[in-house]
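For the numbers below, each heavy atom of this structure counts, side chains included, while hydrogens, waters and symmetry mates do not. For clarity, every value in this text was computed on a predicted model and none was experimentally measured. Chain letters run A, B, ... following the sequence lines, proteins first, then strands; residues in each count from 1.
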There are 2 protein chains.
Amino acid sequence: MFETAEIGHRLDKSTYEAKLPALRSALLEAQYQLKREARFPVIILINGIEGAGKGETVKLLNEWMDPRLILVETFDIKTEEERERPPAWRYWRRLPAKGRTGVFFGNWYSQMLQNRVHGVIKNAELDHAVDQALKFEQMLCDEGALILKFWFHLSREKMFARLKSLKNDPLHSWRLSPLDWQQSKTYGRFVKHGERVLRATSRDHAPWHVIEGADERYRSLTFGQLLLDGLQHALDRTSIQPVRQAVPPIPSLDGRNVLDSLDLTQSVPKDDYKRLLTHEQARLSRLMRDKRMKKHALVALFEGNDAAGKGSAIRRVSGALDPRQYRIVPVAAPTEEERAQPYLWRFWRHIPARGKFTVFDRSWYGRVLVERVEGFCSTAEWLRAYSEINDFEEQLREAGVVVVKFWMAIDKDTQLERFKAREATRFKQFKITEEDWRNREKWDDYATAVNDMVDRTSTAIAPWTLIEANDKRFARLKVLRTINDALERALKKG
Amino acid sequence: MFETAEIGHRLDKSTYEAKLPALRSALLEAQYQLKREARFPVIILINGIEGAGKGETVKLLNEWMDPRLILVETFDIKTEEERERPPAWRYWRRLPAKGRTGVFFGNWYSQMLQNRVHGVIKNAELDHAVDQALKFEQMLCDEGALILKFWFHLSREKMFARLKSLKNDPLHSWRLSPLDWQQSKTYGRFVKHGERVLRATSRDHAPWHVIEGADERYRSLTFGQLLLDGLQHALDRTSIQPVRQAVPPIPSLDGRNVLDSLDLTQSVPKDDYKRLLTHEQARLSRLMRDKRMKKHALVALFEGNDAAGKGSAIRRVSGALDPRQYRIVPVAAPTEEERAQPYLWRFWRHIPARGKFTVFDRSWYGRVLVERVEGFCSTAEWLRAYSEINDFEEQLREAGVVVVKFWMAIDKDTQLERFKAREATRFKQFKITEEDWRNREKWDDYATAVNDMVDRTSTAIAPWTLIEANDKRFARLKVLRTINDALERALKKG
């Protein structure tokens, strides 16, 4: 797969200089159109052999185009804040907003290849990393992102020659880290695994471009042309929505759904409640202080009918803890900065560091609930959200994050009672709005959405817990107990 | 000053229970009004003696009020990303948005007191830290923030008794870090310096409240009542703008200003330019790679007349560097998240880590330039911006950040020529808008604003450099040379 990038491509000076001006102004024009329309971000991945001109090419890109709209990101050693969170967190936090271009050095491919070449991981783990990368890129593309992946290549001989000449050049020798030279010894392995990764990750929506790096003019012009083609093609799209086949949920032929099976009459007497609550709160407090929590984090999310008691359940959970241990994130309409990013970005921002606990009051499931029912997103969007969410939660779980998900269910009569009670209490009036009454009219649509959601996202790694919430005491205890059980299991496994 | 908090305040159970319900619902009501109006943020500082119930009180606060709207922040050990930046950066990044409440443990007062008590700093440095804190709080209050500062106190005897009882209580002993016990030895010093700091930092707009912590009921109810009074008072304000005397700039009686004194005819011949440019670029590249840069960072900001050549000057600067070393921040209208924060917040976000370089294409001076001229902010706002900006730049400088500021000046005829040239060139048309023509009509207003700006913010630590930019070559060289000279001076000083 690298053969065509080892044949010694060259470009003479006059051809280069003849073609360059048109290329530059076209690139600049495309860049400003991108900015003006701000429909999608551009992500450029820079990978390949040391000495093949990766850094020089990006430097050139910043000269040709407007560097104010380009964010160059290097991911070498993780910072402390990054080490405390799932591996993908560092990429999410650096994603360019719509209209901008991000150039990623030392990206996910660099990480997996370095790890494989130096024997930190084996092929099975490499395949898993490839799989994660594919899902991540698929999600980005589904959100409209343009991903351009470049592999700068050099034959073994050319690489040695280049490293040697750079070493002797006083103006460039500083560029050569010890790692580079070490890589010259591992060239064979690097190319072998590189090929494996490139083969597995070259997809329609984000193909690899292999560029021979030996000749500067050839390399630069080829890169510029590929970038321009990619940009122009993406700008010409009338829609950023790719056509994808997502399997729609199976309609429930008998009209029954998972909510119907709940026994909402369950309750806990007041006397038992106090004792049991104290017991579960003490348990949670103990578990969160357990030394083994250093390897874990906790995420609990609350969805449910309006007036089902999410807020009061959350207070019973947080009441057990030191306020420095947890953070509650109320999920409302996305902000401007959040709207310029992929859907899950605003939740990734709040992923807790190890030892910490984040409560989401409503969550990423908004997409398959309110956004689906109200038509705030397209069918394609909510359909693909199921698998995006499963991938997301899998990543959390792999990083030691315990994920607990609650749907708090009440029946329609109970909701009506609570709505009326809220309207009657002065300082609870803010809790009841026109919107609540409107949502109530769509009760059945929500029930269908909840059913599909549980169907498709209640996984072994992050199962849904349905909370029978007609009785608030019963609900709060079940919430606490579920969190405690999940934490206990995770801590036992270590 | 702590005497009244050592007299053994107590509250009996029945009084406490009689008063609590009304307090709680009033607090909740105030909190929701705060959220609904989202006019200002609330910042609660928690300080005082170990064992005086700081943690317990905040825990209670989260039970009484809606914890979803409260962000509890602890600032103990700095993270790596925080260590790389000026000390205040960690506070700026955690500021609550308008409508929210932030509770800060281990805040600036804790830091300065710990350092003083353990001899890390002397009185002079303590005074400097106090001064910084005052300026920071002044700025926050000027932006409308409500700051409530609480000192939880215990007499020496009560503290020992409490620490002892906590130690013997299996449910609480985990709370006692070794530091706590250590502090029991340093009680005297802690109280002495604490008093000094409290005296110096109790101001009208942000007074200290000293609460005796021995009796839980007294402590809790006093805290709750003070918080409620503060909240209600702030919510009742019709304007969040405090009345302050800011000295307006002195009108220029002879109509001359600093821009008039520039010799705009200065130029550099093409032949010399290439050589000199390469020289300065190589110099910048070398300086940025200097090992001593590890202790420094670089900020260069560009302001100037429209079409003065900011963009092309920036490209000559960035062209000298590896794109991984710098970041260019184009400053446009603030986003929604930025508007919910104090003015300087959106610039603090982009302060470079050590060894890095941030170029601001337009900057925090927007407030005293475009916002002043166009009336986008009140007179009080732009007047106080001068000293806020000076404080900001002083903090950068103290943290080793080299700050270089450019005003790029052209004359009115040159601007007209360039506007017309832009309109004539297809891919430069985006660069010229209606707004540019409108700004041009306010040429004299801008000149006055620039004059005042230079007058009031050209300081020894961060001087303005006026760039004669009629000749682009001359301008670019002067920009590069100025940056290089500033860097060189900073590196020499170490």
- B:Arg68, B:Lys35, B:Arg36: which one forms the most heavy-atom pairs within less than 4.5 Å of chain A? B:Arg68
- Item | Donor on one side chain, acceptor on other, A:Arg316 and A:Ser312, under 3.5 Å | no
- Segment of A:Ala320 engaging chain B (4.5 angstrom heavy-atom cut-off): backbone
- Message: Checking A:Gln33 against A:Glu37: is there a side-chain donor and acceptor pair closer than 3.5 Å?
- Response: yes
- Query: Among A:Val329, A:Leu321, A:Leu61, who wins on heavy-atom pairs under 4.5 Å with chain B?
  - Reply: A:Leu321
- From the options A:Glu73, A:Glu82, A:Glu81, select the one residue that forms a side chain to side chain donor-acceptor pair (under 3.5 Å) with A:Arg90. A:Glu82
- Query: Is B:Arg94 close enough and on-axis enough to B:Phe75, meaning under 6.0 Å and within 45°, for cation-pi?
  - Reply: no
- Item | Segment of B:Arg327 engaging chain A (4.5 angstrom heavy-atom cut-off) | side chain
- Task: Flag the one option from A:Arg93, A:Glu338, A:Arg286 with the top tally of heavy-atom pairs under 4.5 Å to chain B.
- Result: A:Arg93
- A:Phe357 vs A:Tyr326 aromatic rings, parallel, tilted or perpendicular, using cut-offs 30° and 60°? perpendicular
- Item | Residue B:Asp361 versus chain A: region with a heavy atom under 4.5 Å | side chain
- Query: So which of A:Val58, A:Leu60, A:Thr74, A:Thr79 has the biggest tally of heavy-atom pairs under 4.5 Å with chain B?
  - Reply: A:Thr79
- Look at A:Val359, A:Ile70, A:Ile314, A:Val72 and state which one has the largest set of heavy-atom pairs under 4.5 Å with chain B. A:Val72
- Evaluate side-chain contact (heavy atoms from CB on, under 4.5 Å) for B:Arg339 paired with A:Glu336, printing each intermediate quantity in order. CA-CA 11 Å; B:Arg339 286 194 303 272; A:Glu336 198 178 320; 3.9 Å; yes
